[in-house]
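Some notes on the structure that comes next.
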Amino acid sequence: MAFGKGCHLHLIDGSAFIFRAYHALPPLTRKSDGLPIGAVAGFCNMLWKYIEDAKGADAPTHAAVIFDKGSHTFRNDLYDLYKANRDEMPADLRPQMPLTREATRAFNIACEEQEGYEADDMIATLARQAREAGGRVTIISSDKDLMQLVGGGVEMFDAMKNKVIGPEEVEAKFGVGPDRVIDVQALAGDSVDNIPGAPGIGVKTAALLINEFGDLETLLARAEEIKQPKRRQTLIDNADQIRLSKKLVTLDPETPLSFTLDDLEIREPHVETLLGFLNAMEFRTLTRRVAEKFDAEPPPAPELAAPEAAPLAEPDEPAPSPDDYVCIRDADMLRQWLDQARARGWVAVDTETTSLDEMRAELVGVSLCIEPGQAAYLPLGHTTGDGDLFGGAERAEGQMDLKTALSLLKPVLEDPAILKIGQNMKYDFKIFARHGIRVGPIEDTMLMSYAMFSGLHNHGMDTLSDRYLGHQPIPIKELIGSGKSQVTFDKVAIDKATRYAAEDADITLRLWRRFKPRLHREAATTIYETEERPLIPVLADMEMAGVRVDAQVLSRMSNAFAQKMAGLEEEIAQVAGTPFNVGSPKQLGEILFDQMGVEGGKKGKTGAYGTGADVLEDVATLEDVNPGAAKLASLVLDWRQISKLKSTYTDALQTHVHPETGRVHTSYSIAGANTGRLASTDPNLQNIPVRSEEGRRIREAFVAGPGMTIVSLDYSQIELRILAHVADLPEMKAAFRDGLDIHAATASEMFDVPLDQMTSEIRRQAKAINFGVIYGISGFGLARNLRIPRKEAQGFIDRYFERFPGIRTYMDDTVAFAKEHKYVETLFGRRIHTPEIAAKGPAAGFAKRAAINAPIQGAAADIIRRAMIRMPAAIKDLPAKMLLQVHDELIFEVEQGKAEALIAAARSVMEGAAEPVMKLSVPLVVDAGQGASWAEAH
DNA sequence: AACTTCACG
DNA sequence: GACGTACGTGAAGTTC
């Protein structure tokens with residue numbers, strides 16, 4: 001039947017169905033093979049319910065499910081940040097996408113998508129065509145972006161709420177009729193799709209304005225007449241942006257379509273095809289239901305795996321057995337394994353290399369695992385035996401050519417429909433990136449463990465395998481040895497390497513199968529998917545970019561330090577009366593406390609005197625009592641400072657300058673710190689000196705490349721701002737809103753000193769207390785830090801609690817929460833386990849303070865992680881590169897002259913990083929600097 | 001490998 | 001009443 005008068009077209013918004021299904025259901029997997037299938041199951045149930053409900057008097061004559069296709073549309077050309085806020089599609093949803101199309105066809109409903117066009121535009125076009133042909137249209141969706149189409153024979157239907165959306169419902173939502181919806185949307189913007197709109201104007205105000213002026217163009221033309229000065233200025237200043245927003249929200253009713261309305265005529269499902277599909281998906285209930293409806297025989301259920309699995313050793317899962325692992329020697333065999341990965345939609349991957357340093361490591365082999373126990377190792381760079389001193393090692397036989405192997409691996413490793421599962425994938429990501437392969441989508445068992453179990457244990461493969469599989473993997477030491485006799489992995493014989501390497505991939509896959517369903521149960525999915533996994537490519541790019549370090553500057557400093565140290569050592573020997581190893585705390589302690597007779601030396605658990613800086617500082621004040629010791633202590637303090645700078649910074653950093661890039665490439669561990677912070681290693685670039693004048697000069701060696709500038713942005717007082725928000729401290733929040741000096745404001749509040757009479761001494765004390773609170777304050781700790789009597793310190797704390805009562809409540813509530821749940825949580829839902837909270841003795845004190853600190857430090861970590869993940873898209877066109885993260889600071893390199901543009905873009909990302917999930921009651925403020933070196937930029 | 005010290009936020 | 005204590009990290013050097 002040709003579409004025409006009296007016809008009724010149903011248009012189903014496919015993506016809406018899929019996302020609703022995905023989020024409504026736990027992460028189901030197909031029983032026989034673990035294929036993620038939850039969204040497909042929900043989608044099929046919704047389609048079936050739709051078909052059943054759509055029968056009867058007002059039944060459609062034509063219907064189609066419309067899907068989005070491709071990520072780049074004309075809207076991206078108009079505005080490159082369109083939908084830039086969107087989180088990446090969850091990795092376990094991606095492989096389900098093609099299956100939803102298949103499901104639609106199995107139900108014998110027209111399934112349409114058009115490369116480069118959003119489903120919404122296709123729906124707009126079809127609705128127009130149907131109206132013009134004299135028919136009626138129902139759009140099955142509750143998406144507000146489609147509401148502009150309502151009216152004149154077009155209505156929407158919210159399948160979840162079973163509610164028709166007509167002109168009245170649209171007006172209730174937008175405050176205007178369907179024909180003015182786009183005007184309101186243009187003004188109000190949309191954070192989900194990243195439509196800018198007019199700042200400060202929401203739907204309510206927008207509707208008010210449109211109703212007053214009639215339409216958007218009139219409003220913009222007569223903006224001068226608006227009474228409210230701020231609103232008037234906003235509209236005048238942002239007219240272009242508002243017009244752009246309107247273009248973005250307006251659906252295109254002229255999308256070219258490769259089919260016609262007539263093609264969408266309702267068809268009865270082909271029973272066998274439908275049952276075949278549902279059965280293959282192993283949807284038992286739905287298969288039975290559909291079979292009953294059609295009076296058909298349900299097909300025999302596919303063979304199911306053994307009954308419900310025990311947590312440790314699943315009965316259908318034999319223990320890893322290295323004898324079963326396969327060694328891939330040629331292209332045909334590799335193709336077979338890759339085909340298996342394609343068929344399933346996932347593969348566990350692990351690389352073997354010659355070094356733990358990803359920037360210097362050479363690829364030696366790749367292991368793959370498809371199913372528990374089915375793993376293979378692909379040797380690529382093994383050498384024979386030990387070779388001789390003159391590099392006589394030769395390439396081992398029976399290995400595929402590296403180039404050929406990589407060219408076969410690349411399409412699979414980059415295939416968006418195949419999940420690549422790894423343990424610590426940032427490592428493998430970088431190794432492959434250096435061979436021109438950008439691995440994705442990714443799943444990482446280390447990060448899954450971190451998201452679920454932070455605070456309980458570390459997240460290395462050995463720990464996870466032991467705890468969750470009850471299996472101890474082959475120790476790497478058995479292959480490469482340890483200490484002086486250690487060799488690189490390429491020297492290991494291929495058969496031995498196969499047993500070890502394939503096992504790692506096998507274990508990774510097994511861990512993934514256990515962790516995946518557990519993520520939801522542990523409420524860790526959101527953190528994992530929004531803050532851990534997306535960080536992998538971001539950090540990998542930062543690490544590979546590296547930061548330019550001028551080794552000559554460092555070398556000169558080293559020499560100067562060496563001279564100064566030698567001078568000090570001479571002087572020290574003289575004062576001490578005997579030369580000794582100044583670097584030995586033990587020898588120093590004996591000289592100070594035994595030979596020179598300083599009183600009050602305290603021995604630690606090893607029986608040695610403590611000689612930390614605080615002890616030496618006290619001794620250095622004893623000029624009158626023991627001038628010799630005072631002089632010695634003071635000299636050693638100087639020596640230690642220089643020694644530290646030299647050994648840890650000026651000397652060590654030089655060895656980290658990469659010979660080819662001339663830059664230093666640190667490595668960030670994502671799952672190292674319990675609170676969600678990153679940690680930087682090899683070298684640690686998060687503790688480059690800054691507090692002392694001499695130390696700060698080391699930052700002069702961190703320089704911009706030729707023609708480039710270093711830019712640094714850091715959050716101002718982020719932890720105190722978070723504290724003010726979570727503990728609900730009205731005075732502190734007000735101080736932040738007013739942009740006051742927070743420590744001075746605290747001091748004023750506590751000591752009743754007006755701000756204009758504040759002294760630096762009072763402010764210093766308030767600052768110490770502010771930090772103390774973040775750390776889980778104690779009278780003892782504050783007393784030691786401020787060097788005041790304990791009683792006095794306790795008095796300060798009491799007064800602080802009195803003036804900021806929210807603090808006490810926050811601390812008590814947090815500790816009580818930790819005791820009850822054995823974990824604490826950040827604003828963003830990151831959980832940090834606190835098993836020690838139940839301990840007795842001093843450990844309980846530690847655990848308490850850690851529990852108080854974790855939500856604050858953790859939320860700050862969440863915020864900068866979120867900023868970092870959004871950063872690459874925001875700065876890619878400048879062009880600029882993000883190089884380093886130091887907890888509350890991000891360091892960039894940008895072309896000279898583009899620094900201001902970078903600061904504007906990066907600041908906006910950082911200050912808005914809590915949104916949209918969290919609206920803080922204090923503003924986030926970011927300070928910025930720029931210069932030729934880190935010293936200048938900070 | 002453990003301990004001490006000290007650099008950072 | 002005593003115990004011990006600020007939170008989170010990584011690296012270098014000494015000692016065992």
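What you see is a predicted model; the values in this text were computed from it and never measured. Order of the sequence lines fixes the chain letters, A, B, ..., with proteins taken first and strands second; residue numbering starts at 1 for each chain.
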| Considering residues at least two apart in sequence or located in another chain, which fulfil the side-chain hydrogen bond (donor to acceptor under 3.5 Å, both in side chains) criterion with A:Tyr775? | none

Just how far, in rounded Å, is [atom2] of [N] from [atom1] of [X]?
X	N	atom1	atom2	answer
A:Ile832	C:dG8	CD1	P	10 Å
A:His887	C:dT9	NE2	P	10 Å
A:Phe780	C:dA2	CZ	C1'	13 Å
A:Asn770	C:dC7	CG	P	17 Å
A:Asn853	C:dA6	CG	C1'	10 Å
A:Asp614	C:dA6	CG	P	10 Å
A:Tyr775	C:dT9	OH	C1'	11 Å
A:Tyr668	C:dG10	OH	C1'	13 Å

Students often get this wrong, so: under 4.0 angstrom with heavy atoms, is [X] touching a base, only sugar-phosphate, or nothing?
X	result
A:Asn785	base
A:Leu782	base
A:Gly776	nothing
A:Ile774	nothing
A:Ala843	nothing
A:Arg691	base
A:Arg696	nothing
A:Ala613	sugar-phosphate
A:Gly610	sugar-phosphate
A:Phe771	nothing

| message | Does C:dC7 have OP1 or OP2 under 4.0 Å away from a side-chain N or O of A:Arg849? | response | yes

| field | OP1 or OP2 of C:dA6 under 4.0 Å from side-chain N/O of A:Arg784 | value | yes

| task | Apply the test side-chain hydrogen bond (donor to acceptor under 3.5 Å, both in side chains) to residues A:Arg699 and A:Ser712: give CA-CA distance (whole Å), side-chain angles for both, the deciding distance (0.1 Å), then the verdict. | result | CA-CA 12 Å; A:Arg699 295 186 175 215; A:Ser712 157; over 6 Å; no

| task | Kindly state each residue pair satisfying side-chain hydrogen bond (donor to acceptor under 3.5 Å, both in side chains) with at least one member in residues 856-868 of chain A, sequence neighbours excluded. | result | A:Glu532-A:Arg865, A:Thr675-A:Gln857, A:Thr826-A:Asp862, A:Arg830-A:Asp862, A:Asn853-A:Gln857

| request: Please determine if A:Arg808 forms a cation-pi arrangement with A:Tyr810, meaning its NZ or CZ atom is less than 6.0 Å from the six-membered ring centre and no more than 45° off the ring axis. | output: no

In terms of ring plane angle, is the pair [X] and [Y] parallel, tilted or perpendicular, where the classes change at 30° and 60°?
X	Y	result
A:His665	A:His658	perpendicular
A:Tyr823	A:Phe817	perpendicular
A:His833	A:Phe453	tilted

| note | Intra- and inter-strand pairing of DNA chain C, written as dot-bracket with Watson-Crick and G-U pairs under 3.5 Å and | for the latter, reads ......|||||||||.

| request: Could you tell me from which nucleotide to which nucleotide of DNA chain B, 5' to 3', there is an atom under 4.0 Å from chain A heavy atoms? | output: B:dC3 to B:dG9

| query | Taking only residues at least two apart or on different chains, which pairs with a member in residues 664-684 of chain A satisfy salt bridge (charged side-chain N to carboxylate O under 4.0 Å, His left out)? | reply | A:Arg677-A:Glu719

Salt-bridge contact [X]-[Y] (side-chain N to carboxylate O under 4.0 Å):
X	Y	answer
A:Arg764	A:Glu761	yes
A:Asp550	A:Arg556	no
A:Glu893	A:Arg548	no

When rounded to the nearest Å, what value does the distance between [atom1] atoms of [N] and [M] take?
N	M	atom1	value
C:dC3	B:dC8	C1'	31 Å
C:dA2	B:dC6	P	32 Å
B:dA7	C:dG4	P	28 Å

| task | May I have the step-by-step check of side-chain hydrogen bond (donor to acceptor under 3.5 Å, both in side chains) for A:Gln794 and A:Asp798, ending in yes or no? | result | CA-CA 6 Å; A:Gln794 192 56 51; A:Asp798 291 344; 3.2 Å; yes

| said: For a quick check, with a 4.0 angstrom heavy-atom cut-off, what is the B/S/- contact string for nucleotides 11-16 of chain C, read 5' to 3'? | reply: BSSSSS

| message | With side-chain contact (heavy atoms from CB on, under 4.5 Å) as the criterion, how do A:His459 and A:Asp444 come out once you've worked through the C-alpha distance, each side chain's angles and the decisive distance to 0.1 Å? | response | CA-CA 11 Å; A:His459 313 285; A:Asp444 190 326; over 6 Å; no

